[in-house]
**Q** 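Dropping a structure here in structure tokens format, bear with me for questions.
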Amino acid sequence: MTTLSRVLRILLGALFLYAGFTKLYPPEHRYLFEMALSSYRILPVAAVIAVAAVLPWLEILLGGLLISGWKLRYTASFASLLLLAFISITASTYFRRIEADCGCFGFGEPLTGYTLIRDAALLLLAILLAAHDWWTFRHPMDGGLAT
Amino acid sequence: MRTAMVCTIFFASGLVCALGHAAARPQPLPLDACPGGDRASAVVMEVFSDFQCPGCANLYQENLRNVLTDYVATRRVCVLFQEFPLPQHKYARMAASYAVAALRVSPAIQVKVIDTLYSTQARWSEDGQVEQVLTETLTNEEMRRVSLWLEHPEVEAEIRRDLESGKELGVRSTPTVFVHYRGTIRRIPSTVQWEVLRRYLDYLVSKPPVREKR
């Protein structure tokens, strides 16, 4: 289970790193991400610009922390909450029938049911990771993580 | 343990496929005409729309009208209107014919026709009285010249070409907007807020021109 946990956190961390990096580079992507966020029609313009500036760095930081395994139970829990927020927003937009750009891993990907399934799979992965680390923290005799 | 590893690899493969899907890009298309502005503009917005679709009217009224005023008029951006009338919209093809015919007269009249059709969409979508709403905006002479082109086979041929072009680019619904810039094509969301779209266009037009290699 320790090996599986390590594989899962590296996988999830790499995905967060990729997601954050692709929103920042090349510089045109920063504007494309603003447009993707804007297309959800949830936030006012000023908030769209602020979130678009902060979120990619947050994803990169989270990705790095997940890969390093430092304070895994907290970082995995935070990743779960972040993914839950993403799913809530994308689902709300999808069911309002707004034709938005996902903006998740690159651009030009319309928001579809498939996007929701993919995000749900990622959320499941993050919850498994967090739950496992919390469990081994509370029950160290049952086998701990090598982190 | 082995089962868990197999599951993880399967899961990871799924995610890699998902990322590949997200990165799919349409192929570039040759831009041989740009009626909504200067075809030498560095930034070309290609808009596939249906005059009877409410989303297209919103896109026009919230964004494209501003693009025409602020960027096309100053020759910084070109808007290429592509007709994509959907079969479920009874009068969309007729409206598209008027827009294409108007372009044959002049780009300025085409913009006038497009503006009128979107502004009065709710009216003519009910009864198909496209000509009636256009006569309220166009002068008699403009209307006469547009009507002359209306029955020309080239108008229908152009709509068919636009539809084919859209299908080749993977357009499945309207409105669909592509931005062509320095050999790349970006599909941009049609529900974007104007201030955010303006930031993107400002970024593109502010970039220095690429020097040609000798």
Side-chain angles (χ1 to χ4, degrees), chain A residues 1-12 14-15 18-19 22 26-49 52 93 96-112 114-115 117-119 121-122 124-125 128, chain B residues 1-26 53-56 58-59 62-63 169-179 181-182 184-204 206-207:
Chain A
M1 194 60 191
T2 302
T3 311
L4 178 62
S5 172
R6 189 174 291 139
V7 171
L8 286 182
R9 73 176 161 78
I10 290 172
L11 176 67
L12 194 62
L15 284 170
Y18 177 77
T22 195
E28 184 191 357
H29 283 197
R30 298 172 193 192
Y31 296 93
L32 290 173
F33 183 50
E34 277 182 9
M35 289 202 289
L37 266 183
S38 168
S39 68
Y40 285 83
R41 293 283 171 146
I42 286 177
L43 299 170
V45 174
V48 165
I49 294 166
T93 309
R96 282 186 293 144
R97 295 178 179 274
I98 293 175
E99 290 192 11
D101 187 325
C102 174
C104 312
F105 299 100
F107 303 97
E109 181 198 2
L111 183 61
T112 60
Y114 168 79
T115 317
I117 293 168
R118 186 187 60 194
D119 284 1
L122 284 173
L124 183 68
L125 201 152
L128 275 176
Chain B
M1 184 64 196
R2 180 179 288 177
T3 311
M5 286 300 288
V6 169
C7 287
T8 306
I9 290 166
F10 180 76
F11 193 81
S13 310
L15 286 169
V16 168
C17 290
L19 293 174
H21 175 81
R25 292 272 181 273
C53 110
C56 301
N58 287 341
L59 172 71
E62 291 177 19
N63 287 327
L169 280 167
V171 175
R172 279 177 292 192
S173 61
T174 58
T176 297
V177 184
F178 296 100
V179 170
Y181 180 71
R182 292 186 184 172
T184 64
I185 305 179
R186 302 281 188 207
R187 184 181 177 142
I188 65 163
S190 59
T191 51
V192 64
Q193 290 146 301
W194 165 239
E195 291 84 354
V196 177
L197 176 61
R198 184 164 59 189
R199 281 169 59 83
Y200 178 58
L201 292 177
D202 282 344
Y203 168 74
L204 292 183
S206 69
K207 285 173 83 172

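In what follows, chains are A, B, ... by sequence order, proteins preceding strands, each numbered from 1. Values reported hereafter were calculated over all heavy atoms of this structure, with side chains retained and with hydrogens, waters and symmetry mates removed. Keep in mind that this is a model prediction, so the values were computed, not measured.
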**Q** Ignoring hydrogens and angles, tell me if any N or O in the side chain of B/Q193 forms a donor-acceptor pair with the backbone of A/L43 under 3.5 Å.
**A**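 At least one qualifying donor-acceptor pair exists.
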**Q** For A/R96, does the CZ atom sit with more than 12 other heavy atoms under 6.0 Å from it, leaving out its own atoms?
**A**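 Enclosed.
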**Q** Pick whichever of A/P27, A/C104, A/P110 has the most heavy-atom pairs under 4.5 Å with chain B.
**A**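 The answer is A/P27.
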**Q** Side chain, backbone, both or neither: which part of B/I188 has an atom under 4.5 Å from a heavy atom of chain A?
**A**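 B/I188 touches chain A through side-chain heavy atoms alone.
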**Q** Less than 4.5 Å apart, any side-chain heavy atom of B/R199 and any of A/I49?
**A**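 Answer yes - side chains close enough.
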**Q** Assess whether a salt bridge exists between A/E28 and B/R186, defined as any Lys/Arg side-chain N lying under 4.0 Å from an Asp/Glu carboxylate O.
**A**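 Salt bridge: yes.
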**Q** Which atoms form the tightest heavy-atom contact between A/S39 and B/P189, and what is the distance?
**A**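 Where A/S39 meets B/P189 most closely, the heavy atoms are CB-CB, 3.4 Å.
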**Q** With sequence neighbours left out, what residues match A/R41 under salt bridge (charged side-chain N to carboxylate O under 4.0 Å, His left out)?
**A**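 A/R41 satisfies salt bridge (charged side-chain N to carboxylate O under 4.0 Å, His left out) with B/E62 only.
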**Q** Hey, can you tell me if B/Y203 and A/Y31 have their rings parallel, tilted or perpendicular (30° and 60° cut-offs)?
**A**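 If you compare the ring of B/Y203 with that of A/Y31, the planes turn out parallel.
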**Q** Given a strict heavy-atom distance threshold of 4.5 Å, which part of A/I10 is in contact with chain B: side chain, backbone, both, or neither?
**A**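 Neither part; nothing is under 4.5 Å.
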**Q** In chain order, what residues pass the side-chain hydrogen bond (donor to acceptor under 3.5 Å, both in side chains) check against A/R30, with sequence neighbours excluded?
**A**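 So A/R30 forms no side-chain hydrogen bond (donor to acceptor under 3.5 Å, both in side chains) with any residue.
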**Q** Counting only heavy atoms closer than 4.5 Å, note whether A/V45 contacts chain B via side chain, backbone, both or neither.
**A**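 Backbone plus side chain of A/V45, per the 4.5 Å heavy-atom cut-off to chain B.
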